[in-house]
Amino acid sequence: MEIILIGFMASGKTTISQLLGQKLALPVHDLDDEIEARSKLRIPQIFRQYGEPYFRDLEADTLAATIHLPGILATGGGTPLRVRNRQAIRASGAKIILLQAAAGKIYRRLQKRSNRPLATGLSVQAVADLQANRSAAYEECADITINTGELTVQQTIERIITELGNLRHGRLPEDE
Ligand SMILES: Nc1ncnc2c1ncn2[C@@H]1O[C@H](COP(=O)(O)OP(=O)(O)O)[C@@H](O)[C@H]1O
Ligand SMILES: O=C(O)C1=C[C@@H](OP(=O)(O)O)[C@@H](O)[C@H](O)C1
Ligand SMILES: [Mg+2]
């Protein structure tokens with residue numbers, strides 16, 4: 001992959017990967033879609049019938065099988081939790097983009113109907129707690145971090161393009 005998007009549920013990985021792929025003319029892969037295609041099961045069905053550890057094994061295997069393809073990869077919110085996945089993400093040579101948003105924003109985005117078994121019935125506090133548990137794993141991988149909370153989808157894309165340019169030219173955010 002050239003670019004890998006990581007971050008909490010509803011931070012925008014799936015949405016942004018699609019638009020970024022169009023903008024940069026790169027193929028787009030979504031790890032959840034790849035897992036569903038490989039297992040021929042929907043994500044909630046995998047959690048219900050086989051449990052989370054089985055899902056995490058599938059996720060790790062699917063990551064290993066897709067990470068060497070060209071393009072942009074949208075991971076799932078839990079993908080960087082396993083150390084082996086973090087190592088694979090770092091070793092891929094892709095630019096790693098961490099999308100963030102405050103718990104209240106994430107909570108509102110999660111109220112839309114979705115395919116996320118772990119988001120069902122989460123309070124704002126539970127979202128904040130889970131974010132706190134996961135943040136070190138995300139930050140360990142990230143080359144670029146973008147807070148999408150106050151941005152539109154279009155603004156997020158523009159910010160990513162700018163930050164990728166800065167990274168390429170060795171500029172730090174403080175230089176701007
Ligand atoms: N600035 C933004 N960047 C990304 N997504 C945003 C933004 N503002 C609102 N959203 C919305 O947040 C939701 C993110 O969902 P999704 O792309 O499925 O996230 P993920 O794949 O990280 O779980 C979408 O409904 C998207 O339209
Ligand atoms: O955060 C998580 O543990 C998960 C996030 C989901 O992906 P999104 O982050 O794209 O919603 C999906 O992989 C699964 O429901 C588990
Ligand atoms: Mg997604």
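Whatever order the structure lists ligands and atoms in, that order sets their numbers, starting from 1. Fair warning: this is a prediction, and the values are worked out from it, not measured in the lab.
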Full working for side-chain contact (heavy atoms from CB on, under 4.5 Å) between Asp61 and Leu63
CA-CA 5 Å; Asp61 292 347; Leu63 179 71; over 6 Å; no
Kindly compute the distance separating [atom1] ([X]) from [atom2] ([Y]), expressed to the nearest 0.5 Å.
X      : Y      : atom1 : atom2 : result
Ile3   : Ile72  : CD1   : CD1   : 4.5 Å
Met9   : Arg109 : CE    : CZ    : 13.0 Å
Leu167 : Thr162 : CG    : OG1   : 12.0 Å

Around the Mg ion (ligand 3), list the protein N/O/S atoms within a radius below 2.8 Å, excluding water molecules.
Thr14 OG1
Looking at Ile146, Ile157, Leu99, which one forms a side-chain contact (heavy atoms from CB on, under 4.5 Å) with Leu151?
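The passing option is Ile146.
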Does the salt bridge (charged side-chain N to carboxylate O under 4.0 Å, His left out) test come out yes or no for Asp32 and Lys13, once each step is laid out?
CA-CA 11 Å; Asp32 281 344; Lys13 304 175 297 295; over 6 Å; no
For Arg42, the salt bridge (Lys or Arg N to Asp or Glu O under 4.0 Å) test, sequence neighbours excluded, returns Glu36
So if I only count non-hydrogen atoms and take anything under 4.0 Å from ligand 1, which residues does that give, chain by chain?
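Those residues closer than 4.0 Å to ligand 1 by some heavy atom are Phe8, Met9, Ala10, Ser11, Gly12, Lys13, Thr14, Thr15, Ile16, Arg109, Lys112, Arg116, Thr148, Leu151, Thr152, Val153, Thr156.
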Give a table of atom pairs where an N or O of ligand 2 lies under 3.5 Å from a protein N or O.
| from | atom 1 | to | atom 2 | distance (Å) |
| --- | --- | --- | --- | --- |
| ligand 2 | 1 (O) | Gly78 | N | 3.3 |
| ligand 2 | 1 (O) | Arg134 | NH1 | 2.7 |
| ligand 2 | 3 (O) | Arg56 | NH2 | 2.6 |
| ligand 2 | 3 (O) | Arg134 | NH2 | 2.9 |
| ligand 2 | 7 (O) | Asp32 | OD2 | 2.9 |
| ligand 2 | 9 (O) | Lys13 | NZ | 2.7 |
| ligand 2 | 9 (O) | Gly77 | N | 2.8 |
| ligand 2 | 11 (O) | Arg116 | NE | 2.6 |
| ligand 2 | 13 (O) | Asp32 | OD1 | 2.7 |
| ligand 2 | 13 (O) | Asp32 | OD2 | 3.2 |

Quick one, Arg134 with Asp129, criterion salt bridge (charged side-chain N to carboxylate O under 4.0 Å, His left out). Give me CA distance, side-chain angles, the key distance, then yes/no.
CA-CA 9 Å; Arg134 291 179 166 192; Asp129 292 347; over 6 Å; no
Under the criterion side-chain contact (heavy atoms from CB on, under 4.5 Å), I'd like the reasoning laid out for Tyr50 against Leu41: C-alpha separation, chi angles, the key distance, then a yes or no.
CA-CA 11 Å; Tyr50 301 101; Leu41 294 168; 3.6 Å; yes
Distance-only, no hydrogens or angles: does the Lys95 side chain make a donor-acceptor pair with backbone N or O of Ile4 under 3.5 Å?
no
Among side-chain atoms of Thr66 and Arg38, is any donor-acceptor pair under 3.5 angstrom?
no
Show the numbers, then the answer: is there a side-chain hydrogen bond (donor to acceptor under 3.5 Å, both in side chains) between Arg56 and Thr79?
CA-CA 8 Å; Arg56 296 299 173 201; Thr79 310; 5.7 Å; no
Evaluate Ile96 against Ile89 for side-chain contact (heavy atoms from CB on, under 4.5 Å), listing each step before the verdict.
CA-CA 8 Å; Ile96 317 300; Ile89 288 170; 3.5 Å; yes
